[in-house]
*Asks:* 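Please find one structure pasted underneath; my questions will follow.
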2 protein chains.
Amino acid sequence: MSLTHAPAGAVRQGSLRELNLALVLGRIASADRPPSRADLATATGLTRATVSAVVEDLLAGRLVGESDPAPRSGAGRPARGLVLADQGPAGLGLEVNVDYLTVCVVDLAGQVRHRTVRRVDLRPVDPADALAQLVELAGAARDDAARHGLTLVGAALAVPGLVDDAGVVRLAPNLGWHDVPVPALLAEHPPLIEQVPGVPALVVDNEANLAALGELHSRPPGPSSFLHISGEVGIGAGIVLDGALFRGVRGWSGEIGHLPVHPEGRPCRCGGQGCLEQYAGQEAIVSAAGLARAELPADTATARLAELARAGDADALRALHDAGTALGVAVAGVVNLLDLDTVVLGGGYAALAPWLCPPVLAEISGRVLTAAWSPVTVRPSTLGAEAAAVGAAGSVVRRIVAQPAGWLARTG
Amino acid sequence: MSLTHAPAGAVRQGSLRELNLALVLGRIASADRPPSRADLATATGLTRATVSAVVEDLLAGRLVGESDPAPRSGAGRPARGLVLADQGPAGLGLEVNVDYLTVCVVDLAGQVRHRTVRRVDLRPVDPADALAQLVELAGAARDDAARHGLTLVGAALAVPGLVDDAGVVRLAPNLGWHDVPVPALLAEHPPLIEQVPGVPALVVDNEANLAALGELHSRPPGPSSFLHISGEVGIGAGIVLDGALFRGVRGWSGEIGHLPVHPEGRPCRCGGQGCLEQYAGQEAIVSAAGLARAELPADTATARLAELARAGDADALRALHDAGTALGVAVAGVVNLLDLDTVVLGGGYAALAPWLCPPVLAEISGRVLTAAWSPVTVRPSTLGAEAAAVGAAGSVVRRIVAQPAGWLARTG
DNA sequence: GGCAAATAATTCAATCGCTGAACAAATAGC
DNA sequence: GCTATTTGTTCAGCGATTGAATTATTTGCC
């Protein structure tokens with residue numbers, strides 16, 4: 001919705017080709033069936049001649065391939081469908097969380113081509129050791145990817161905490177991390193990434209942000225503006241506005257867990273009072289349901305809670321209802337503020353959605369000014385717990401799609 | 001922060017010139033002193049030859065003019081400074097509010113060249129009559145602008161309510177408007193606008209949104225992301241993210257007045273409970289201070305309140321402190337969610353800022369997770385009550401600056 | 001079976017706008 | 001008055017898009 005359509009910098013002669021490469025490749029990526037050159041010409045407004053020239057570049061650079069002709073109705077020479085290559089550049093997605101490490105590889109088309117999860121309680125582990133374990137998994141992933149003809153061109157790491165511009169994890173309370181210089185620690189290991197202009201070798205970002213990105217690009221395509229809430233020990237939100245993740249001035253947006261829902265209520269570790277996290281965080285729900293706190297890893301506690309709720313346990317149902325109500329109060333505020341029409345419950349909330357959604361919707365319909373005219377959808381995440389790592393890897397390949405010139409210049 | 005740098009459509013041959021026209025004109029607009037062609041070349045990365053050609057087009061189209069040479073230190077041929085033209089295209093800003101009508105004209109450079117305010121209680125007035133009065137004022141403004149060599153190329157109307165995509169005012173409670181088809185009503189009057197490709201003849205938008213835009217482009221330039229809060233009878237917010245107004249999925253973002261600050265508190269006309277508006281709305285403050293409600297027009301009540309506070313009236317001070325605290329709870333939530341570092345108090349709040357800022361800041365520092373690392377600024381609006389109309393007019397000329405090709409094609 | 005219609009993709013001269021270097025203009029300092 | 005310096009223009013060259021013509025390949029009809 002910006003008024004300035006112009007790219008930030010100068011538009012040189014060569015930018016023209018760069019921009020059209022990105023335009024055509026983007027169309028191929030977002031099409032639901034393999035488009036022909038003629039389809040691309042009509043869709044983009046370019047001439048068929050130009051599209052052919054651009055596609056030739058993309059084919060030469062192995063970013064797209066030709067597929068079997070799509071079935072067509074009328075007469076005429078059959079089209080050759082264009083699809084994103086299943087070889088070539090790929091993204092490495094990494095996640096460090098409280099009780100697991102994840103590594104995955106996503107190809108240009110967004111397909112998950114490799115995935116490893118190692119369950120391990122990382123709270124007592126030194127950050128450098130945790131990252132070393134992650135690198136070990138990533139090395140195996142790289143080798144596996146290479147066997148499929150995939151080259152890792154960038155990595156993104158999801159962490160449950162606040163990350164600054166330099167990639168330093170300023171604070172990850174549930175992990176016990178504080179000012180961990182992730183890029184420096186990872187630089188001590190041999191590189192797994194083949195550098196490409198325009199693609200950063202490593203991005204470190206908040207887990208909720210990357211999970212929202214994963215949800216944004218999951219198939220089938222959903223809305224381009226939504227709020228994605230990751231309910232873990234803390235509660236984080238990824239805000240997607242018009243297909244772009246909103247990170248805030250310093251990249252610390254989405255701290256929905258500290259929205260005040262009872263301003264004079266329970267004190268919170270953030271220094272405030274009555275924060276949402278105190279009423280809808282995983283520990284709050286678990287203890288309200290009468291389960292022993294810290295009994296088991298987080299995902300086990302969640303599974304147990306869902307089990308109890310499914311069995312009709314009154315305490316569990318009440319705990320979930322109360323948490324959903326608190327969540328609904330906060331979400332209603334966010335929807336009023338940002339005018340979003342979709343809320344996705346992810347992370348630990350995904351499995352609890354059947355019990356959380358009703359009270360959340362009730363609060364929304366009671367508190368949102370515009371709810372009467374256009375309804376708000378609340379639904380569980382489609383990717384669930386995988387969202388962050390998949391979103392991280394996807395964010396890498398998406399850069400290639402957005403700026404293919406860098407990759408093409410590399411391979412010649 | 002979007003990954004796609006490419007414009008939405010095709011990048012044709014001619015787009016190149018269009019983009020560079022916008023790039024150079026934008027630089028001229030945002031420079032703090034008249035830049036030379038050489039300055040523009042180094043700033044944009046284009047060659048001096050290209051800049052000269054682009055500037056020639058802009059000069060021929062009367063969008064820029066040459067100014068006296070700026071003082072320079074060293075040797076060499078003196079530069080000719082380039083400034084936005086003080087003639088040519090201009091924007092018409094309109095505002096309908098509860099107790100006044102405003103019309104203003106803003107030129108390319110953002111200068112307010114004409115301004116009319118008519119104080120009139122519009123609550124008992126039929127919307128069509130109100131708009132007819134506005135058109136009358138606008139006609140006089142057009143004639144005045146023409147005498148200064150200004151051509152109105154578009155209009156933007158600010159209303160205190162929810163507006164849909166078609167420009168229909170769905171609901172303006174304090175004005176008593178409901179489903180008012182503003183574009184259709186205005187179309188019955190003779191047109192005042194000279195149509196230009198790329199510039200809509202009429203945009204209708206929320207008053208808080210346009211006030212935020214006015215603040216964004218006020219001089220001296222402030223931050224590019226902030227929250228602008230218009231405290232009138234209702235409380236609206238304009239959210240500016242990375243220099244762009246965020247409107248939400250349907251254009252109804254910013255309803256900060258209905259953020260819950262006491263979820264089980266006073267019932268609100270929106271159907272919810274404990275909304276901010278019930279604690280920090282103008283009526284709430286005025287009655288808490290012991291002033292007779294609906295005693296006087298809103299701005300008079302605000303002025304009286306400020307007067308009492310300045311005199312040390314205990315009731316007024318307490319009312320303002322309580323309102324500021326409620327506001328702070330809501331703002332803290334917004335800052336946690338969006339990671340903004342600047343909050344601007346506008347509308348009726350501007351005059352009350354000395355008493356509202358301290359409690360707002362107190363709540364922020366107590367509740368915002370990241371406040372310890374980077375402080376949040378809370379300050380009054382620089383434009384005050386004029387912000388909405390000026391922002392409306394400014395949004396028109398900003399389109400010309402962002403897409404000068406449309407205007408140039410028009411005049412040849 | 002053969003032919004016309006239809007659709008896909010390529011080829012090629014023309015054109016548009018940027019580039020880079022040379023050149024002209026204008027001033028300060030010596 | 002001369003040189004160094006900076007600004008701005010001119011011009012041949014070039015890359016990328018364009019639009020029309022051409023080639024390629026299939027369906028449908030007689």
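Not measured: the values here are computed from a predicted model. Note on naming: letters A, B, ... go to the chains in the order of the sequence lines (proteins, then strands), and numbering restarts at 1 for each one.
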*Asks:* Using a 6.0 Å cut-off, check whether atom CZ of B:R62 has over 12 heavy atoms from anything other than its own residue.
*Replies:* no
*Asks:* Nearest whole Å is fine: how far is D:dG15 P from A:E18 CD?
*Replies:* 15 Å
*Asks:* OP1 or OP2 of C:dA9 less than 4.0 angstrom from a side-chain nitrogen or oxygen of A:S36, does that happen here?
*Replies:* yes
*Asks:* If I take atom CG in residue B:L19 and atom C1' in nucleotide D:dA16, what distance separates them, rounded to the nearest angstrom?
*Replies:*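 Computing the B:L19:CG to D:dA16:C1' distance gives 15 Å.
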*Asks:* Taking any heavy-atom pair under 4.0 Å as a contact, classify A:R48: base, sugar-phosphate, or nothing.
*Replies:* base
*Asks:* I'd like to know if B:R77 reaches the base of D:dT7 with its side chain, counting only an N/O donor and acceptor under 3.5 Å.
*Replies:*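 Donor-acceptor pair under 3.5 Å: yes.
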*Asks:* Does D:dT9 have OP1 or OP2 under 4.0 Å away from a side-chain N or O of B:S52?
*Replies:*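 Answer is yes, contact under 4.0 Å.
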*Asks:* What residues form a salt bridge (Lys or Arg N to Asp or Glu O under 4.0 Å) with A:R147, not counting sequence neighbours?
*Replies:* A:D144
*Asks:* Nearest whole Å is fine: how far is D:dC11 P from B:E56 CD?
*Replies:*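 Whole-Å distance recorded here is 13 Å.
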*Asks:* Side chain of A:L46 only, please: which of D:dT18, C:dA9, D:dT7 is the nearest?
*Replies:* D:dT18
*Asks:* If we count only N and O atoms by modelled type, under 3.5 Å, do the side chains of B:H217 and B:R398 hold a donor and an acceptor together?
*Replies:*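 Looking only at side-chain atoms, B:R398 and B:H217 do form a donor-acceptor pair, the distance falling under 3.5 Å.
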*Asks:* Tell me whether A:D39 is salt-bridged to A:R27, with the criterion being a basic N under 4.0 Å from an acidic carboxylate O.
*Replies:*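 Answer for the salt bridge query: no.
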*Asks:* Counting neighbours of CD on A:E66 that are heavy atoms of other residues, nucleotides or ligands and sit closer than 6.0 Å, is the number greater than 12?
*Replies:* yes
*Asks:* For the side chain of B:T47, counting heavy atoms from C-beta on, which of D:dG19, C:dG20, C:dA9 is nearest?
*Replies:*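 Of D:dG19, C:dG20, C:dA9, C:dG20 is nearest to the side chain of B:T47.
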*Asks:* What contact category does A:A49 fall into here, base, sugar-phosphate, or nothing, at under 4.0 angstrom with non-hydrogen atoms?
*Replies:*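 The residue A:A49 makes base contact.
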*Asks:* Provide, to the nearest angstrom, the distance between the CG atom belonging to B:L40 and the P atom belonging to D:dT6.
*Replies:*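 My rounded result for the distance is 18 Å.
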*Asks:* Please give, in whole Å, the distance from C:dA8 C1' to A:R37 CZ?
*Replies:* 9 Å
*Asks:* Tabulate protein N/O versus nucleotide N/O from nucleotides 14-17 of chain C, keeping only pairs under 3.5 Å, one per line.
*Replies:*
| residue | atom | partner | partner atom | Å |
| --- | --- | --- | --- | --- |
| C:dC16 | O2 | B:Q13 | OE1 | 3.0 |
| C:dG17 | N2 | A:Q13 | OE1 | 2.4 |

*Asks:* Determine whether a donor-acceptor pair (N or O, by modelled atom type, separation under 3.5 Å) exists between the side chain of B:W407 and the backbone of B:L63.
*Replies:* no
